[in-house]
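All values reported here derive from a predicted model rather than from experimental measurement. No hydrogens, no waters, no symmetry mates; every other heavy atom, side chains included, goes into these values. Labels below follow one simple rule: chain letters A, B, ... track the order of the sequence lines, proteins then strands, and each chain is numbered from 1.
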Amino acid sequence: MESLLNAHATLIENAVKAAQAAGDLPAFALPAVEIKPPNRPEMGDYAYAGALAVAKAAGMKPIDIAQAIAKHIAPAPFIASVEVAPPGFVNFRLDGAWLRAQIPNIANAADTLGNLTLGKGKRAQVEFVSANPTGPLHIGRSRGAIVGDTIARLLEAAGYEVEREYYFNNAGMQMRHLGNSMRIRYLQALGLPVELPKEEGTFYQGEYLREFAQQLVAERGDSLAEAGWETFKEYAERKMFGMIRQTLERIHIEHDHFFNENSLYDDGSVNATLEALQERDLIYVAPVRESETDEVKAKSANQAPAQWFRSTRLGDTEDRVVLKSDGSPTYTLPDIAYHMNKLARGFDVLVNVLGADHYTEHQVVKYGVQALGGEASRIHVIIMQFVRLIREGREVKMSTRRGDYETLDDLIDQTSSDAVRYMLLARNANSRVDFDLDLAVKQSTDNPVYYIQYAYVRCAGILREAEARGFDASAADLAQLDDEALPFVRRVLTLGDTIAYAAQTFEPHHIAFYAHDLASAFHTLYDRLRVFGDGIDPHVAAARLRFYQAAHVSFKRVLGLMGMSTPDRM
RNA sequence: GUGCCUGUAGCUCAGUGGAUUAGAGCAUUUGUCUACGGAACAAAGGGCCGGGGGUUCGAAUCCCUCCAGGCACACCA
């Protein structure tokens, strides 16, 4: 049973065909069948509203169409009843015995629970974090890290072969600034009277460079006193990457592949990209844009020319510089080369998680890919709005270069890796997040992450108790299980639908809300369906224990999909 | 000014064109209960879904427009 939604949809499709063959319905093209749980649970477990949509095409009243469909729905083991409700709904109710029979399957599924074959045989790549190694990860980056990693987990569950990639740029001006800053810190560590200039855009003010400098002095003494910025850049970069990877590990993120932008220069891709654009007549050499007025052109006629990508021809609002007047490329050229490279690696799906400030950049890259004949439709860009930090009711400004940012490490120290993951996951990527630091610190008891994990802890507690008492549920008769436990089972069985939806829309927050709903359904039951206690029939107790084993597996799986831990005690 | 995103309960947010009643959490009020771990459960109050038009049998959801907020609009990366 891969998906109950699909199973119901198939029933509808076949019923329509059968009704048409029998002459109960006229011939008409059936739109894609959409099945949903009704808003009002008393109406049933799943509902089809399509009879309303096809009424015109069929030339019949919706209620009559629904009747005709219902009449031809083939019996299925999971269906208890099919009802028609005005003005034209077909409502399905799941069979209790069938639901009970799923409990052992759930308990045995372990970490494959909810897995799909949607992406079978397909390869997906998720590129995320991709922070240049100029400073520790700050909170703004961590949202993308968590969203990207969870998308990767969901795609894996959906059956894709997934690669997590980290793209880094150690060839730009910022890295030179880092090298220069590091050099000054090194000289300071040697006791020389040098000051780090306060220019934030050019010199990195963060304390971490002092620490690196101390270590470098310990390793190399004063042997580098005459060395150039490149030496210091390389050292700082290496140390910084170590820090970043360590931080990511704390929130259970590990990349499979680190892609160095330099390699695109080394293997000639950047040049090849420029030449390919030139061949297509999409590059021109001029001091200013072609679209500028004659007046501006005349004024700037003596300035050194740059090379412009005629992206307006692809639909852009203005042309973009790809090669500056000093001959160095802007980000655009290597980024286009990079995306062509990704496409050439044969991924069926490419996901790129970016901050809102990268929107324009990504558009230009996409125009470039299109211009070069790349299959741009395989590239899915997730644009995330920013995380705003609030402390004492006021916004805290973040800046990597300045040094007064909040790092992801700080945040994990103050809360927990699970809390950070859940709080940054449980909202739609295109809404801005206000992260209240004071609340995050003291909120540990209110945080929904504990509510969800507590459901798992309670299951673990029951299982522990059963083991201590030597109580075995393997031969339980699930017919003895209380009816009120069945809505929970039904909800567990929709995990696959949630994974499918979240993976296809690249909206991982759905899994967070699903987890909360599941925990809510669980806690209600826990209060009412005790396994151990006076006056509980042992057969009922055994069935309940079997049920809690399934619940235990369900929460483990859901927490795992969110990259969260599963503590047995809290 | 142009492009993208957002506007839903006091606060933080879900909501995949469907059912005369728009959902959670927090906060507020009231109960349960001292547990297989109460970081729980049950219940109540609280809403012109930013405003206005339109499409549709049917709109928080799609389209137009206005208002408000955020982000981006460099020969920075």
Length of the [atom1]-[atom2] vector between [X] and [N], whole Å:
X	N	atom1	atom2	value
A:D418	B:A39	CG	C1'	14 Å
A:E34	B:G58	CD	P	19 Å
A:D357	B:A74	CG	C1'	14 Å
A:L525	B:A35	CG	C1'	16 Å
A:Y526	B:C33	OH	C1'	13 Å
A:H358	B:A74	NE2	P	15 Å
A:N169	B:C76	CG	P	14 Å
A:H516	B:G25	NE2	P	6 Å

- Query: Can B:U34 be described as syn, meaning its chi torsion is within 90° of 0, or is it anti?
  - Reply: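 You should classify B:U34 as anti.
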
Strictly below 4.0 Å: does [X] bring a side-chain N or O up to OP1 or OP2 of [N]?
X	N	result
A:Y548	B:C36	no
A:H523	B:A42	no
A:Y451	B:C26	no
A:K324	B:A77	yes
A:H510	B:G15	yes
A:S328	B:C75	no

- Message: I want to confirm an ordering. Mapping A:L529 and A:P329 to their closest nucleotides on RNA chain B, which one lands closer to the 5' end?
- Response: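 Its nearest nucleotide lies further toward 5', so the answer is A:L529.
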
- Task: Please tell me which of A:R569 and A:A304 maps to the more 5' nucleotide of RNA chain B, matching each residue to the nucleotide holding its nearest heavy atom.
- Result: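 Comparing both residues, the 5'-ward one is A:R569.
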
- Excluding sequence neighbours, so at least two apart, what forms ring pair (Phe, Tyr, Trp, His ring centres under 6.0 Å) with A:H552?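 Expected list: A:Y456.
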
[atom1] gap between [N] and [M], integer Å:
N	M	atom1	answer
B:A40	B:A27	P	10 Å
B:G54	B:G58	P	12 Å
B:G53	B:U16	P	24 Å
B:A60	B:U8	P	15 Å
B:A9	B:C49	C1'	10 Å
B:C63	B:C4	P	12 Å
B:U6	B:G17	P	15 Å
B:U12	B:U21	P	27 Å

Name the atoms and distances for all side-chain donor-acceptor pairs under 3.5 Å in residues 460-473 of chain A, with sequence neighbours left out.
unit_1 : atom_1 : unit_2 : atom_2 : d
A:R464 : NH1    : A:D568 : O      : 3.4
A:E465 : OE2    : A:R469 : NE     : 2.7
A:E465 : OE2    : A:R469 : NH2    : 3.0
A:D472 : OD1    : A:S474 : N      : 3.1
A:D472 : OD1    : A:S474 : OG     : 3.1
A:D472 : OD2    : A:S474 : OG     : 2.7

Closest to the [X] side chain, choosing from [options]:
X	options	answer
A:K56	B:U56, B:C36, B:C75	B:U56
A:R458	B:G18, B:G38, B:C75	B:G38
A:D527	B:C71, B:A40, B:G17	B:A40
A:L52	B:C75, B:A77, B:C57	B:C57
A:Q174	B:C75, B:A77, B:G37	B:A77

N/O contacts under 3.5 Å, protein versus nucleotides 19-22 of chain B?
unit_1 : atom_1 : unit_2 : atom_2 : d
B:A19  : OP2    : A:N39  : ND2    : 2.6
B:A19  : O2'    : A:R40  : NH1    : 3.2
B:A19  : N6     : A:N91  : OD1    : 2.9
B:A19  : N1     : A:N91  : OD1    : 3.3
B:A19  : N1     : A:N91  : ND2    : 3.2
B:U21  : O4     : A:R40  : NE     : 2.8
B:U21  : O4     : A:R40  : NH1    : 3.3
B:U21  : O4     : A:R40  : NH2    : 2.1

With sequence neighbours excluded, tell me which residues meet side-chain hydrogen bond (donor to acceptor under 3.5 Å, both in side chains) with [X].
X	answer
A:Y359	A:Q363
A:E484	A:R528
A:R546	A:Q549
A:N170	A:E237, A:N262

- Query: How would you label the contact of A:A53 with the nucleic acid (heavy atoms, under 4.0 Å): base, sugar-phosphate, or nothing?
  - Reply: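 Since a base atom lies under 4.0 Å of A:A53, the category is base.
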
- Distance from A:W229 atom CH2 to A:L178 atom CG, nearest 0.5 Å?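 It comes to 10.0 Å.
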
- Which value, rounded to the nearest 0.5 Å, describes the distance between A:I383 atom CD1 and A:L354 atom CG?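 CG of A:L354 is found 5.0 Å from CD1 of A:I383.
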
- Message: Tell me which one of A:R490, A:R93, A:R491 satisfies salt bridge (Lys or Arg N to Asp or Glu O under 4.0 Å) with A:D45.
- Response: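 The single option meeting the salt bridge (Lys or Arg N to Asp or Glu O under 4.0 Å) with A:D45 is A:R490.
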
- Message: I need the full list of salt bridge (charged side-chain N to carboxylate O under 4.0 Å, His left out) pairs touching residues 318-333 of chain A, with sequence neighbours left out, sorted by first then second residue.
- Response: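 Listed by first then second residue: A:R289-A:E318, A:D316-A:R320, A:E318-A:R320.
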
- Item | Close aromatic pair by centroid cut-off 6.0 Å: A:Y451 and A:H516 |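 For A:Y451 and A:H516, the ring centres are under 6.0 Å apart.
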
- Reading nucleotides 2-13 of chain B from 5' to 3' and marking B where a protein heavy atom lies under 4.0 Å of the base, S where only the sugar-phosphate is that close, and - otherwise, the string is --SSS-----SS

- Excluding sequence neighbours, so at least two apart, what forms salt bridge (charged side-chain N to carboxylate O under 4.0 Å, His left out) with A:E234?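 Here no residue qualifies.
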
- Please name all residues satisfying salt bridge (charged side-chain N to carboxylate O under 4.0 Å, His left out) with A:R544, sequence neighbours left out, ordered by chain then number.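 Per chain and number, A:R544 pairs via salt bridge (charged side-chain N to carboxylate O under 4.0 Å, His left out) with A:D482.
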
- Considering only NZ, NE, NH1 and NH2 on the basic side and carboxylate oxygens on the acidic side, decide whether A:R176 and A:E230 come within less than 4.0 Å.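 No salt bridge links A:R176 with A:E230.
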
- Item | Face-to-face contact A:Y331 to B:A77 six-ring, under 5.5 Å, under 30° |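 Check failed, A:Y331 does not stack on base of B:A77.
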
- Note on the structure: Dot-bracket for RNA chain B, 5' to 3', Watson-Crick and G-U pairs with both distances under 3.5 Å, [ ] for crossing pairs, | for partner on another strand, reads (((((((..((((....[....)))).(((((.......))))).....(((((..]....))))))))))))....

